[in-house]
Protein chains: 2
Amino acid sequence: MLSAACKESIRAMIYIAHAGGDKKIIPVKEVAEKLETSFYFLAKNVQKLVKAGLLFSYKGPKGGVKLAKSPEEIKLIDIVEAIDGLEFFETCLLGFKECSDEHPCAIHHKWADKRKAIYKLFSETSLKDVVEDMEKNCLQIIF
Amino acid sequence: MLSAACKESIRAMIYIAHAGGDKKIIPVKEVAEKLETSFYFLAKNVQKLVKAGLLFSYKGPKGGVKLAKSPEEIKLIDIVEAIDGLEFFETCLLGFKECSDEHPCAIHHKWADKRKAIYKLFSETSLKDVVEDMEKNCLQIIF
DNA sequence: TATATTTAAGATTAAGGAGTCTTAATTCTT
DNA sequence: AAGAATTAAGACTCCTTAATCTTAAATATA
Ligand code: SF4
Ligand code: SF4
């Protein structure tokens with residue numbers, strides 16, 4: 001459902017929120033090392049997050065990125081939208097061309113319910129929620 | 001969430017169930033024409049459905065495919081499993097490596113709920129359900 | 001039996017996304 | 001001012017999946 005780039009971006013945002021919040025500047029290189037991933041690939045996705053207004057970036061020595069808003073203002077859906085887009089929440093499950101709410105198939109309404117529930121979950125869950133929870137429960141696993 | 005091949009396979013199964021059920025043999029060529037899709041691509045996926053035991057196939061003139069079971073016995077999840085596999089229902093949403101039910105992150109349990117609900121929907125919805133509903137509501141759109 | 005029709009299977013090509021690299025721009029430090 | 005560090009941007013390669021083609025196998029029909 002979420003692309004590899006999107007999952008990694010979420011993990012990156014979690015790390016940035018954890019390590020720097022919207023105060024401290026964190027170099028992308030540090031994030032890549034902590035997440036044990038490719039700097040190049042991560043940097044590409046971070047650029048998108050900057051363009052989407054979720055991160056501020058700073059060049060030069062002591063440069064890096066930090067959250068553009070407070071952790072509770074950044075919802076998971078914002079990251080998903082920036083990297084993967086919202087197509088998942090908008091397209092027909094079965095791929096018919098001209099179906100719509102007016103001509104629903106057997107699965108349409110039920111599927112729409114599930115999709116909405118997921119959208120709601122992503123819209124209601126903030127970086128703060130995730131970070132706080134992970135700091136309690138499973139931080140050592142990731143960082 | 002579902003690959004293009006999977007969506008098309010579901011549409012194909014709907015057509016086969018509608019036009020032939022588990023009685024009449026339908027040529028794949030006819031299915032491709034009705035769905036306005038590539039015969040080659042569809043034939044590839046149909047092969048998987050045959051191997052998965054969802055379709056019987058018959059070579060030669062008057063050959064084609066028909067459902068291997070009654071429409072109510074074939075669930076959408078069977079088609080998804082045959083084409084895309086069940087990875088979607090088994091993997092971590094955020095892509096962490098070593099997380100588990102024992103070390104759940106903030107979103108784990110909520111996400112697991114949503115995923116289970118979708119799995120349930122796919123497991124409970126049979127081809128018969130979809131076909132009957134579409135025959136009532138929006139058949140003209142597809143066939 | 002010969003021919004036409006249809007699926008099976010594998011090879012091939014095309015497209016898109018994942019992942020990497022190179023160069024440019026910016027800015028801190030000396 | 002010079003050099004080092006860091007992100008920005010675009011080009012590039014690689015891999016997976018989508019899509020197509022070719023040949024083989026099976027079978028109905030004449
Ligand atoms: S009614 Fe069914 S086929 Fe039509 S758009 Fe909704 S899910 Fe898709
Ligand atoms: S706890 Fe969170 S990070 Fe861990 S497997 Fe579940 S969803 Fe993924």
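Chain identifiers are assigned alphabetically (A, B, ...) following the order of the sequence lines, protein sequences preceding nucleic acid strands; residue numbering begins at 1 within each chain. Only this structure's heavy atoms are used, side chains among them; waters, hydrogens and symmetry mates stay out.
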Could you go over nucleotides 7-18 of chain D and give all protein N or O partners under 3.5 Å, atom names and distances?
{"from": "D:dT7", "atom 1": "OP1", "to": "A:V28", "atom 2": "N", "distance (Å)": "2.6"}
{"from": "D:dT7", "atom 1": "O3'", "to": "A:S57", "atom 2": "OG", "distance (Å)": "3.3"}
{"from": "D:dA8", "atom 1": "OP1", "to": "A:S57", "atom 2": "OG", "distance (Å)": "2.6"}
{"from": "D:dA9", "atom 1": "N7", "to": "A:Q47", "atom 2": "NE2", "distance (Å)": "3.2"}
{"from": "D:dG10", "atom 1": "N7", "to": "A:K44", "atom 2": "NZ", "distance (Å)": "2.8"}
{"from": "D:dG10", "atom 1": "O6", "to": "A:K44", "atom 2": "NZ", "distance (Å)": "2.9"}

Verify the neighbour count for atom CD of A:E90: are there more than 12 heavy atoms of other residues, nucleotides or ligands below 6.0 Å?
yes
In this structure, how many angstroms lie between the P atom of D:dA19 and the CD1 atom of B:I83, rounded?
13 Å
Go through the steps to decide whether A:S126 and A:E73 satisfy the test side chain to side chain donor-acceptor pair (under 3.5 Å), and finish with yes or no.
CA-CA 7 Å; A:S126 71; A:E73 284 176 302; over 6 Å; no
OP1, OP2 of C:dT20 versus side-chain N and O of A:S38: anything below 4.0 Å?
yes
Distance (rounded to the nearest 0.5 Å) between B:L86 CG and B:E81 CD
4.0 Å
Just how far, in rounded Å, is P of C:dA8 from CZ of B:F56?
13 Å
Just the rounded figure in Å: distance from C1' of D:dT6 to CD1 of A:I25.
11 Å
To the nearest Å, how far apart are B:K48 NZ and C:dA9 C1'?
13 Å
Thinking salt bridges, do B:E30 and B:K34 make one under a 4.0 Å N-O criterion?
no
Can you list every ring-ring contact (aromatic ring centres under 6.0 Å, His included) pair that touches residues 40-87 of chain B, not counting sequence neighbours?
none
How many Å lie between OH on B:Y40 and P on C:dA11, as a whole number?
17 Å
Once you round it to whole Å, what is the distance between C1' of C:dA18 and NZ of A:K7?
14 Å
If I take atom CD in residue B:E30 and atom C1' in nucleotide C:dT7, what distance separates them, rounded to the nearest angstrom?
15 Å
Main-chain N/O of B:K75 paired to B:D78 side chain as donor or acceptor, under 3.5 Å:
yes
Nearest-angstrom distance from the residue atom CG of B:L35 to P of D:dA19:
14 Å
